[in-house]
Amino acid sequence: QILPNSSEPLKEVRVEDDRTGLSIETLKRAFADNLFYIQGKFPEIASRNDFYMALAYTVRDRLLRRWLNTAETYTRNASRTVAYMSAEFLMGPQLGNNLINLGIYDQVNQAMKELGLDLEELLEEEEEPGLGNGGLGRLAACYLDSLATLEIPSLGYGIRYEFGIFEQDIKDGWQVEITDKWLSAGNPWELPRPEWSVEVKLGGHTEMRADEHGHFKVYWLPDKIVKGIPYDTPILGYKTNTANTLRLWKAEAVESFDFYAFDSGDYLGAVHQKTVSENISKVLYPNDNSAQGKELRLAQQIFFVSCSLKDMTRIMAGQNVPLEQFADKFVIQLNDTHPSVAIPELMRLLIDEHNMTWDQAWGITKKTFAYTNHTLLPEALERWPISLFGRMLPRHLEIIYEINNRFLDEVRMKFPDDVDRLRRMSLIDESGERYVRMAFLACVGSYSINGVAALHTELLQKDVLHDFYEMYPEKFNNKTNGITPRRFMVLSNPRLCKLLHSKIGDEWVKNLYELRKLEGFVDDPEFRHQWRQMKQEIKQDVVDYIKSTTGINVNVNSMFDIQAKRFHEYKRQHLNVLHIITLYNRIKANPNIEITPRTFLFGGKAAPGYYMAKLIIKLINSVGDIVNRDPDVRDRLKVVFLKDFSVKFAQKIYPAAELSEQISTAGKEASGTGNMKFALNGAITIGTLDGANVEILEEVGAENFFLCGLTTEEVYALKAKGYKPWEYYKKDPELKLAIDRIASGFFSHGDPNLFKPLVDHLLGNDQYMLMADYRSYIDTQDEVSQAYRDIDRWTRMSILNVARMGKFSSDRSIRDYCEDFWKIQPVKIDLKQYVEATA
Ligand code: OAK
């Protein structure tokens with residue numbers, strides 16, 4: 001605190017202490033100071049958001065030393081760095097996580113209490129940056145957490161969308177989208193760095209011209225230039241001194257363009273130009289697992305990728321590392337193909353702007369990039385129409401053609417006379433309208449190609465990227481996904497953490513395999529009792545929450561059966577609904593039947609343009625309407641749709657789960673990470689042999705997992721033989737009744753048309769094979785109900801699930817990436833050094 005009236009000499013002014021001190025007194029003083037000097041409020045008139053902001057700045061002050069120190073150390077050592085390029089980072093709220101990672105949660109809690117404030121309430125106040133759709137964006141966020149915790153020099157590069165994923169409301173059972181205004185109250189966690197702005201060219205044409213030495217060169221004359229401004233967010237490691245950076249780019253108009261239009265008297269035109277430029281980082285495309293061939297989307301991709309690559313060359317120049325060493329200084333991880341236009345962009349920068357030869361540039365490029373594939377769904381594989389691509393990126397298209405020519409020569413050499421293979425593997429799809437195939441470009445331009453779970457990688461090799469696997473088997477590898485235990489346990493499940501702490505300490509936070517020690521307590525009746533007690537308390541919180549937000553009374557003793565994920569037909573939320581209807585039908589047929597009470601909880605968003613997914617949401621709400629009101633049900637079943645599922649909300653829900661629904665059609669879910677979050681919090685999985693479920697089953701043991709459904713091979717075989725969903729419907733009376741009730745309008749006030757498209761899909765081609773998996777799913781659910789009645793058995797299963805989750809820490813995933821192909825070592829950050837250097 002700067003004390004103007006103080007008689008103390010200046011050197012006694014304890015600036016450092018007020019901004020870094022961790023005593024309760026200092027925290028309180030700093031908080032009051034920030035409220036006054038940053039928010040410009042005194043407590044009596046401050047809003048809850050003002051208090052949140054004051055606390056956020058207080059915490060930010062305490063992490064700045066680490067942040068600057070980390071940057072300084074990396075700069076001094078010119079450390080090899082991972083650049084994680086992703087169109088999405090679904091970070092979740094920052095305050096709580098930073099408190100945990102700084103290790104000051106308890107002090108701050110106490111300080112707030114002494115000021116008459118409730119930390120929980122302040123945490124609630126934060127608008128989360130929803131800059132992602134689902135799994136892919138959240139994985140990127142978990143990886144940043146692990147990279148910092150493992151002290152790996154890294155930068156996350158992405159887009160600072162002004163509007164993140166939409167907010168979901170439910171009206172009359174239907175999803176309604178509301179724009180997300182996460183920035184409206186300001187974002188205390190970011191620092192703009194306008195001095196590091198860069199320019200990105202778009203459109204126009206190329207020309208071949210002689211340079212001053214008479215050498216012919218390609219010049220790209222764009223018709224538009226956009227400015228990218230970096231906004232930096234610190235990413236703290238857990239109890240380390242490392243604070244890495246997430247650098248997100250905001251698009252703005254370049255002044256020169258304004259002036260040009262202004263000069264010619266076109267004031268409105270100038271303003272229009274500005275809007276067009278700013279549109280690039282305006283909004284996140286809300287599609288999950290599907291590609292959208294929109295011009296603006298391609299503009300977003302080249303925008304952030306070009307900004308980031310130029311930023312990397314700036315960093316190298318600052319550290320006196322020659323560009324020839326690009327691949328030694330950086331490894332660029334491509335989070336799916338969204339940033340894969342970085343491959344021709346790096347080529348262009350090296351050749352056109354830094355005068356390298358093609359061979360030099362290509363040598364660097366293919367040692368720099370590594371590509372992660374996140375989906376096998378054909379509709380999610382990005383392809384850009386040549387016409388659109390060439391219009392926006394004429395130079396990149398030329399470079400891609402050249403990469404393709406040289407690549408096809410290689411293919412010819414390795415597989416002579418195989419014309420069909422050339423056609424299949426070409427970076428240009430020429431089967432109809434011509435397209436650039438981005439996944440193929442990523443494969444050719446990267447030295448590593450990985451899937452996100454063992455099964456997924458196997459299917460990539462066998463199927464989607466089979467030709468590339470034959471061409472470059474050495475590039476392929478698996479990196480099973482993981483989740484950060486800091487956010488998804490320490491922060492979100494304090495009750496479970498307390499119990500763990502009392503038995504096995506908390507080494508597990510940094511080494512999740514330590515959870516194995518829990519196995520020693522599984523036969524201890526006292527411990528099992530505490531476990532159940534703990535779960536019960538968490539469930540009660542959720543019961544209260546549901547009551548206050550929806551008015552629905554939930555029985556705290558019912559099984560909490562949860563499916564929380566994006567809505568997609570392949571994830572089969574409607575299979576879950578068929579189970580609910582089946583139980584309901586059993587009750588209607590025999591009101592006194594013995595039924596294990598269950599509460600079915602759903603959470604998740606549907607892409608705004610995905611009609612069938614939205615209809616499934618409507619179906620859940622319609623079924624809920626009937627089931628929740630029918631007196632015959634006598635509160636044994638409840639269906640609750642939890643609207644606006646987000647990271648913040650997920651943190652509340654996972655701890656309360658008892659049964660985790662992971663029922664995608666085998667071969668469709670690349671990995672899944674919700675499955676890991678649920679199991680880590682003690683839920684037992686009912687799931688198919690899909691994605692990482694396979695590995696979860698392997699870890700926890702078949703006796704602690706409810707397996708159902710066809711295997712991938714069976715799915716393929718059935719498809720090949722000719723799948724007839726109608727036959728399953730005809731043969732299984734319970735299935736038939738469930739479908740008939742939907743079709744007849746029983747759940748839609750007698751309207752048989754409402755759910756007709758869904759019913760037609762299921763009985764017609766049933767692409768995701770719900771009819772084939774129904775019986776197995778229902779029988780397995782009956783086993784689940786049985787198991788739940790055996791309280792000791794269930795508790796054991798729950799404990800063992802937690803105990804055996806070690807593998808699914810994102811720390812393990814990141815270590816695998818580092819050792820296997822990033823080849824990066826941890827760099828220790830010494831906090832003292834900086835203080836001395838600047839003293
Ligand atoms: C989104 C857009 C395009 C392609 C893939 C995605 C995506 O989110 N994929 C998901 O990635 C997760 C992280 O690897 C996986 O766990 C999910 O299974 C996968 O659907």
Side-chain angles (χ1 to χ4, degrees), residues 84-90 130-144 146 158-159 165 284-294 297 300-301 333-340 371-383 438-439 442 449-457 459-460 464-465 478-484 488 564-573 604-607 610 613 647 650 660 662-679 687-696 712 768 808 810 813-814 816-817:
Y84 199 87
M85 280 194 184
S86 178
E88 305 186 8
F89 286 93
L90 191 46
L131 309 187
N133 275 287
L136 168 139
R138 183 55 233 176
L139 186 78
C142 283
Y143 281 0
L144 294 186
S146 286
I159 301 175
I165 187 68
L284 166 76
Y285 277 91
N287 304 38
D288 187 74
N289 261 296
S290 93
Q292 49 277 292
K294 292 279 189 319
R297 171 78 172 178
Q300 291 185 336
Q301 297 183 350
Q333 191 67 38
L334 301 172
N335 201 23
D336 215 275
T337 53
H338 317 142
S340 59
Y371 159 53
T372 305
N373 173 289
H374 291 270
T375 186
L376 299 159
L377 298 191
E379 65 268 33
L381 297 178
E382 289 190 298
R383 339 175 282 163
M438 301 309 274
I449 303 165
N450 77 281
V452 290
L455 174 67
H456 171 230
T457 302
L459 295 173
L460 277 180
V464 179
L465 298 175
N478 175 246
K479 293 288 165 283
T480 298
N481 284 168
I483 57 170
T484 169
F488 292 107
K565 49 181 81 243
R566 285 294 290 245
F567 273 80
H568 203 296
E569 287 162 280
Y570 85 79
K571 295 180 190 275
R572 303 199 293 192
Q573 282 93 347
K605 296 174 185 179
Y610 188 171
V647 176
S660 155
Q662 307 299 337
I663 53 176
S664 51
T665 316
K668 296 293 178 188
E669 188 71 271
S671 162
T673 42
N675 46 6
M676 302 168 187
K677 293 165 198 166
F678 278 112
T688 48
L689 278 179
D690 200 16
N693 293 354
V694 177
E695 289 157 80
I696 292 176
T712 312
Y768 298 107
F808 303 104
S810 44
S813 314
I814 288 298
D816 286 353
Y817 278 97

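As the structure lists them, so they are numbered: ligands from 1, and atoms in each ligand from 1. Side-chain atoms are counted along with the backbone in the values below, which use heavy atoms only and exclude waters and symmetry mates.
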Matching residue for L459 among L465, V464, L376 - test: side chain to side chain contact (heavy atoms under 4.5 Å, CB included): L376
Return yes when [X] approaches ligand 1 closer than 4.0 angstrom through a heavy atom, no otherwise.
{"X": "G134", "answer": "no"}
{"X": "E88", "answer": "no"}
{"X": "Y285", "answer": "no"}

S813 side chain vs G482 backbone, donor-acceptor pair below 3.5 Å: yes
Determine whether the side chains of [X] and [Y] contain a donor N or O and an acceptor N or O closer than 3.5 Å.
{"X": "Y570", "Y": "N289", "result": "yes"}
{"X": "D690", "Y": "S664", "result": "yes"}
{"X": "N450", "Y": "T372", "result": "yes"}
{"X": "E669", "Y": "Q662", "result": "no"}

Counting only heavy atoms, which portion of [X] has something under 4.0 Å from ligand 1: side chain, backbone, both, or neither?
{"X": "L136", "value": "both"}
{"X": "R138", "value": "neither"}
{"X": "V452", "value": "side chain"}

Polar proximity ligand 1 side, [X] side, N/O cut 3.5 Å exclusive:
{"X": "N481", "result": "yes"}
{"X": "T375", "result": "no"}
{"X": "N289", "result": "yes"}

Protein contact of atom 3 (C) of ligand 1 - nearest heavy atom, named by residue and atom, plus distance: H338 NE2, 3.5 Å
Taking atom 9 (N) of ligand 1 as the reference point, the nearest protein heavy atom with its distance: H374 O, 3.2 Å
Numbering as shown, the atoms of ligand 1 that approach A670 to under 4.0 Å (heavy-atom distance): 18 (O)
Y570: numbered ligand 1 atoms lying under 4.0 Å from its heavy atoms: 20 (O)
